[in-house]
Protein chains: 2
Amino acid sequence: MYELPKDRTKAQPNVFNAKCPARCLLTFLAGKWHLLVIDALAKERWRNGELMRKIEGISQKMLTQTLRELENMNLVLRIDMGTVPPHVEYELTPLGQDLRMKICTLDRWIEDNMFELIRDNDSVPLDYV
Amino acid sequence: MYELPKDRTKAQPNVFNAKCPARCLLTFLAGKWHLLVIDALAKERWRNGELMRKIEGISQKMLTQTLRELENMNLVLRIDMGTVPPHVEYELTPLGQDLRMKICTLDRWIEDNMFELIRDNDSVPLDYV
DNA sequence: CCGTATCCTACCAGATACTG
DNA sequence: CAGTATCTGGTAGGATACGG
């Protein structure tokens, strides 16, 4: 359990500082699946299986792992109905919703500017369309 | 050289689609260094060495590689002064500036909410402060 | 100063099989 | 249905040395 520094005013969060937790968090969140999972949970709760289908290409293993990590960061809430067979839902916490808005902005921008970004660029696989 | 599809209205960019270029671009941009390099170039041009010092922990190899990739995406402009010894500057294109705003919003949010995110979390190295 | 060329390793994450 | 456990390879990226 992490104990916050006594004097937080001394702490200057800075993603450019290699040792700063903010940097670690950025690197972490900018992993392969975190952004997508948060985006997927934007509007409503989803069950494990629903998320699997929504986020094409993610494996059960990575989905679970990512959700656990987001849980640890107070971004996602895991709701276990306690039934048999199991029924589990995931939803964003208020903190997660706050972050989600930033991420969605980024995701939508990438979608909107997709063609600008791949112009003159053959390093992105384009088997889409 | 990529040729844009004749009928773009048929293309529905979607990061959840594993084959969509938008998905590839997101995964790409959300790599370990892309977000930081774009953030670093927010306000002014920087030289190679300056970026190295600004972005703690990045290697020359990864910096060059990342800058090249951003160049290919029309996000960064490389300005070679053609002098000896070499003097090269990098700056964001208008497209890059547009994306930069989204990224900075994300980065600042992470910094601002750092302590919320690491509460109850021992999986982030905290040798900072 | 601004790179490139190699080599090499850790670990990310996919595949598969199994459980309550 | 919602997970774990184990094995495995591919590759991102670090370290190092060299070059214009």
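The shown structure was predicted, so the numbers you read here are calculated from the model rather than taken from an experiment. In what follows, chains are A, B, ... by sequence order, proteins preceding strands, each numbered from 1.
Note: CG (Leu67(A)) to C1' (dA13(C)) measures 16 Å, nearest angstrom. Atom-to-atom, CD of Gln65(B) to P of dG13(D) comes out at 7 Å; the value is rounded to the nearest Å. As a whole-Å value, the separation of Met62(A) CE from dA2(D) P is 19 Å. The separation between Arg45(B) atom CZ and dC2(C) atom P is 14 Å, rounded to whole Å. Residue Trp33(B) contributes atom CH2, which lies 21 Å from atom P of dT11(D) at whole-angstrom precision. Spacing between atom CD1 of Ile58(A) and atom C1' of dG14(C) amounts to 12 Å, rounded to whole angstrom units. Here the P atom of nucleotide dC1(C) and the CD atom of Gln60(B) are 11 Å apart, to the nearest Å. Rounded to a whole Å, the CG atom of Leu63(B) is 14 Å from the P atom of dC1(C).
Listed nucleotides: dA2(D), dC2(C), dA13(C). Nearest to the side chain of Lys32(A): dA13(C). Of the candidates dC2(C), dG13(D), dT4(D), the closest approach to any side-chain atom of Thr64(A) belongs to dT4(D). For Lys61(B), whose side chain is taken as the heavy atoms from C-beta onward, the closest listed nucleotide among dC7(D), dG13(D), dC1(C) is dG13(D). Residue Arg47(A) places its side chain closer to dC1(D) than to any other of dG14(D), dC1(D), dG3(D). The listed nucleotides are dG3(D), dC1(D), dG20(D); the one nearest the side chain of Arg78(A) is dG3(D). Here dT4(D) is the nucleotide among dA13(C), dT4(D), dG14(D) with the atom lying nearest to any side-chain atom of Arg68(A).
We find that Asp80(A) and Arg78(A) are joined by a salt bridge, their nearest charged nitrogen and carboxylate oxygen being less than 4.0 Å apart.
Smallest separation of non-hydrogen atoms from Trp46(A) and Leu41(A): CD1-CD2, 4.0 Å. Looking at every heavy atom in both residues, Ile38(B) comes nearest to Gly96(B) through CG2-O, 4.5 Å. Shown here for Leu29(B) and His34(B), the closest heavy-atom pair between the two residues is O-CB, 3.2 Å.
Taking CD1 from Ile58(A) and CG from Leu63(A), the interatomic distance works out to 4.5 Å, rounded to the nearest 0.5 Å.
For the pair Tyr90(A) and dG3(D), the criterion of a side-chain N or O lying under 4.0 Å from OP1 or OP2 is met. Here Ser59(B) does not reach the OP1 or OP2 of dG13(D): none of its side-chain N or O atoms lies under 4.0 Å away.
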